[in-house]
Amino acid sequence: QAERDEALQALRWMRLLYNVDEDHIHVHGVSRGGHLTWDLGLRHRDRFASLIPAIGGPTWIIEEGRNNMRFTENLWDMPIRDLQGSRDDYRLLRNLRRAFQRLEVIGNTNAHLVEFEDLGHNFRTDTIDWAGFVDNSQRAPLPTRVLIRASQGTNERNAWLRVDKVERGIQEVFPLTVRPNVWNVLEEGEKARYVQDMADSKTGQVIADRHADGKFQIQMDGIKQVSLMLPMEWIPEDGKVWVSTGKASKKRKVRVSTQVLLQDFVERFDRNFLPVGVVTVKR
């Protein structure tokens with residue numbers, strides 16, 4: 001948490017001082033910086049255009065909210081080039097391979113784990129066309145589809161979608177519940193999978209689509225309430241938008257306020273996405 005907050009503060013400081021293009025911010029880190037690169041992307045997908053972690057990865061540890069493997073699906077459309085020696089710690093490799101398997105299942109075709117069979121905790125940079133990768137990787141400030149894997153329900157955000165409340169049982173930190181006679185016979189890899197399955201069961205998910213006609217469709221699992229953060233050009237003249245939650249489809253009033261715009265800009269400093277209205281949707 002502390003490292004993540006400090007990195008975001010450093011990014012904010014840089015953007016205040018320099019004219020940084022919000023849609024071309026790329027994250028790269030090595031070793032512990034590789035771990036942080038993954039954590040930033042998994043929890044703040046909408047801030048970055050691509051991830052370039054090296055010899056670092058996501059984790060399944062449950063203490064102190066350090067399990068971020070559960071958020072892998074947040075990166076369903078994130079360009080990723082991960083550089084990793086195949087002779088490094090087997091637990092790191094296990095986590096990385098599992099994360100990329102999850103990304104493949106959800107349809108991310110632009111996320112690649114690049115392994116170097118002759119290297120341990122090291123990597124090379126000569127296997128990627130970096131200029132082409134960076135030039136072709138661009139954040140979409142107003143994507144048509146937004147996905148959030150959430151565990152806290154306190155302002156977990158991706159672009160124009162915000163999770164406000166989660167259902168009971170969705171938890172960031174949770175106790176490990178397993179019978180000792182079962183746990184003791186599991187191999188280490190099986191223990192990791194057991195913990196990860198438990199974390200996934202305590203993680204909510206919401207997918208929101210904005211269609212060409214301006215209508216929104218929202219699917220919530222483990223989520224009680226979300227908010228749509230809308231720019232002016234998305235708000236019809238009558239001040240209402242169509243929202244479908246699967247159970248019902250109806251027009252919902254947009255709460256327009258300068259406070260929405262000012263607060264969001266102060267907090268996120270994003271010139272390419274300027275929301276002025278909010279629509280609250282409950283399950």
Side-chain angles (χ1 to χ4, degrees), residues 8 22-23 25 40-49 70-78 106-108 138-168 170 172 203-283:
L8 291 174
E22 293 93 327
D23 297 337
I25 299 175
L40 287 169
L42 289 164
R43 296 177 184 272
H44 300 282
R45 184 268 170 269
D46 62 339
R47 307 288 184 96
F48 309 112
R70 68 207 298 196
F71 306 126
T72 303
E73 288 73 14
N74 285 343
L75 302 177
W76 71 276
D77 62 341
M78 174 70 82
I106 203 169
N108 189 332
Q138 178 174 330
R139 182 195 72 143
L142 294 171
T144 57
R145 163 163 284 201
V146 178
L147 183 153
I148 301 178
R149 296 271 293 175
S151 62
Q152 296 176 326
T154 53
N155 198 29
E156 294 182 87
R157 174 87 174 269
N158 185 352
W160 44 267
L161 181 66
R162 184 183 71 206
V163 174
D164 298 325
K165 295 179 182 179
V166 296
E167 293 182 354
R168 186 173 182 178
I170 303 302
E172 173 77 7
T203 305
Q205 178 172 293
V206 54
I207 300 176
D209 292 285
R210 181 176 185 269
H211 300 287
D213 58 3
K215 295 181 180 180
F216 294 88
Q217 184 173 6
I218 302 176
Q219 308 169 54
M220 290 185 274
D221 182 10
I223 306 296
K224 293 179 65 175
Q225 178 178 307
V226 300
S227 290
L228 308 179
M229 315 286 290
L230 308 183
M232 182 61 73
E233 58 268 27
W234 285 9
I235 303 175
E237 291 185 2
D238 64 358
K240 298 179 180 180
V241 295
W242 278 101
V243 179
S244 173
T245 59
K247 296 181 179 180
S249 180
K250 64 178 182 179
K251 276 194 170 185
R252 298 175 185 262
K253 184 173 180 58
V254 183
R255 302 192 311 274
V256 178
S257 169
T258 55
Q259 182 178 353
V260 173
L261 173 63
L262 294 175
Q263 182 174 343
D264 195 76
F265 189 74
V266 168
E267 291 179 353
R268 299 169 65 86
F269 193 52
D270 190 339
R271 296 167 296 182
N272 293 338
F273 175 50
L274 301 172
V276 297
V278 176
V279 177
T280 299
V281 181
K282 297 181 181 180
R283 188 176 182 183

When rounded to the nearest 0.5 angstrom, what is the spacing between [atom1] in [X] and [atom2] in [Y]?
X	Y	atom1	atom2	result
L228	I235	CG	CD1	11.0 Å
Q152	T203	CD	OG1	11.0 Å
L42	L75	CG	CG	4.5 Å
H211	T144	NE2	OG1	9.0 Å
L230	F216	CG	CZ	5.0 Å

**Message:** Just so I know, are the side chains of S151 and E156 near enough to count as touching, which here means a heavy-atom distance under 4.5 Å?
**Reply:** yes
**Prompt:** Any side-chain heavy-atom pair from V278 and M229 closer than 4.5 angstrom?
**Reply:** yes
**Message:** T280: which residues meet the side-chain hydrogen bond (donor to acceptor under 3.5 Å, both in side chains) condition with it, sequence neighbours left out?
**Reply:** R255
**Partners meeting side-chain hydrogen bond (donor to acceptor under 3.5 Å, both in side chains) with R162 (sequence neighbours left out)** =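 side-chain hydrogen bond (donor to acceptor under 3.5 Å, both in side chains) list for R162, sorted by chain: D164, S227.
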For [X] and [Y], work out which heavy atoms get closest and say how close.
X	Y	value
I25	R47	CB-O, 4.0 Å
P231	F273	CD-CE1, 3.9 Å
I223	K165	CG2-O, 3.5 Å
G277	V254	CA-CG1, 3.7 Å
V241	P236	CG1-CD, 3.6 Å
I218	A208	CG1-CB, 4.2 Å

**Asked** Mind checking what makes salt bridge (Lys or Arg N to Asp or Glu O under 4.0 Å) contact with E73, not counting sequence neighbours?
**Response** R102, R149
**Asked** Tell me the salt bridge (Lys or Arg N to Asp or Glu O under 4.0 Å) pairs involving residues 269-283, sequence neighbours left out?
**Response** E22-R271, R139-D270, E167-R283
**Asked** Does any pair with a residue in residues 221-242 pass salt bridge (Lys or Arg N to Asp or Glu O under 4.0 Å), and if so which ones, sequence neighbours excluded?
**Response**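 For residues 221-242, and leaving out neighbouring residues, the salt bridge (Lys or Arg N to Asp or Glu O under 4.0 Å) pairs sorted by first residue read D238-K251.
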I'd like to know if the side chain of [X] reaches the main chain of [Y], judged simply by a donor and an acceptor atom lying under 3.5 Å from each other, with no hydrogens or angles considered.
X	Y	result
N108	M78	yes
Q205	L147	no
W160	P141	no

**Asked** Looking only at side chains, do N74 and N158 share a donor and an acceptor under 3.5 Å apart?
**Response**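 No, no side-chain donor-acceptor contact under 3.5 Å.
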Could you tabulate the donor-acceptor pairs under 3.5 Å formed by side-chain atoms of residues 259-269, not counting sequence neighbours?
| residue | atom | partner | partner atom | Å |
| --- | --- | --- | --- | --- |
| Q263 | NE2 | E267 | OE2 | 3.2 |
| D264 | OD1 | R157 | NH1 | 3.0 |
| D264 | OD1 | R157 | NH2 | 3.0 |
| R268 | NH2 | D46 | OD2 | 2.3 |

**Prompt:** Regarding R210 and the six-membered ring of W234, is the cationic atom NZ or CZ under 6.0 Å from the ring centre and inside 45° of its axis?
**Reply:** yes
